[in-house]
Amino acid sequence: GKVVREARRMYGAKVRIIGSFVILPDSSVSAWSTRFLGLLLRSNLRKFDGFVAISGPAVDFADWAFGVRPELLGAPIDVAAVKAQAQEKPWTREADGRLVVAFLGRLVERKGAVELVEAVAALPDQVRSNFVLRLGGRGPLADHIRGLIATHGLGDVVTMEGFIPDEDKPGFLAAAN
């Protein structure tokens, strides 16, 4: 509510406030918690000029949890352009013929990079020898993840690629299997 109020205060009728629904809850607890939140915030929803969602399930969830029916936009990604960018600037790191698994995101708890590295550590050696995991991103958990890689002896399997600039992201992702 504070951001919407401040935007209205600063820009008045010139600004349009659009709520977006992008992700779905990962459990029934999250779904019901969101529905409860939607009931509590029902009066705040009147402050929005409209709502959008990127998938049919997100539209249905917004309707169920918040009582609003967003306009379906679809994923706003030009796949052909991203593919062309990946071909123009491919990721050049070799994988020695192994499969490549890529993670690209901020290294924070909710993104699951720690759990991903721990899952790799739990795999048998004969499975780990068939792939590499490339972690692209930075964040407060970077040092913890480096420690996990060292503790579990995963230096030949997991690489910390650091910050990936926008122009390199298509190539980074296209290099993954």
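Since this is a predicted model, take the numbers as computed values, not measurements.
- Within the 4.5 Å cutoff, side-chain heavy atoms of Ser33 are placed close to those of Val29.
- Phe66 has its ring centre no less than 6.0 Å from the ring centre of Phe51.
- In the hydrophobic clustering, Leu123 connects to Leu99, Val101, Phe103, Leu107, Val114, Leu116, Val117, Val120, Val127, Phe131, Leu133, Leu135, Leu141, Ile145, Leu148, Ile149, Leu154, Val157, Val158, Met160, either directly or through intervening members, whenever side-chain heavy atoms lie under 4.5 Å apart.
- Within the 4.5 Å cutoff, no side-chain heavy atoms of Arg8 are placed close to those of Val3.
- In plain terms, the two heavy atoms of Ala86 and Pro170 that are nearest each other are CB-O, 3.5 Å.
- Between the CZ atom of Arg146 and the OG1 atom of Thr151 there is a distance of 13.5 Å, given to the nearest 0.5 Å.
- Using a distance-only test at 3.5 Å, with no hydrogens or angles considered, a donor-acceptor pair links the side chain of Asp49 to the main chain of Ile17.
- Heavy-atom minimum distance, Ser129 versus Arg98: O-CD, 3.1 Å.
- Take Asp156 and apply the salt bridge (Lys or Arg N to Asp or Glu O under 4.0 Å) test, not counting sequence neighbours, and it matches no residue.
- One distance of note links CZ of Phe61 with CG of Leu24; it measures 7.0 Å at 0.5 Å rounding.
- Heavy-atom minimum distance, Ala53 versus Val59: CB-CG2, 3.6 Å.
- Residues Pro140 and Val108 share a closest heavy-atom pair of CD-CG1, 3.7 Å.
- A distance of 12.0 Å separates CG of Asp60 from CZ of Phe21, quoted to the nearest 0.5 Å.
- Listed for the Arg134 side chain is no donor-acceptor partner under 3.5 Å among the backbone atoms of Leu104.
- Atom CH2 in Trp91 sits 11.0 Å away from atom NZ in Lys169 (nearest 0.5 Å).
- Counting side-chain heavy-atom gaps under 4.5 Å among Ile, Leu, Val, Met, Phe, Trp and Tyr, the cluster of Phe36 also holds Leu40.
- Once rounded to the nearest 0.5 Å, the distance linking CD of Glu167 with CD of Glu88 reads 12.0 Å.
- Looking at every heavy atom in both residues, Arg46 comes nearest to Ser43 through NH2-CB, 3.1 Å.
- Of all heavy-atom pairs between Arg42 and Ala65, the closest is NH2-O, 3.7 Å.
- Other residues, nucleotides and ligands contribute over 12 non-hydrogen atoms within 6.0 Å of the CZ atom of Arg16.
- Cluster annotation: Leu37 is not connected to Leu45 through the hydrophobic network of ILVMFWY side chains, with a link wherever side-chain heavy atoms come within less than 4.5 Å.
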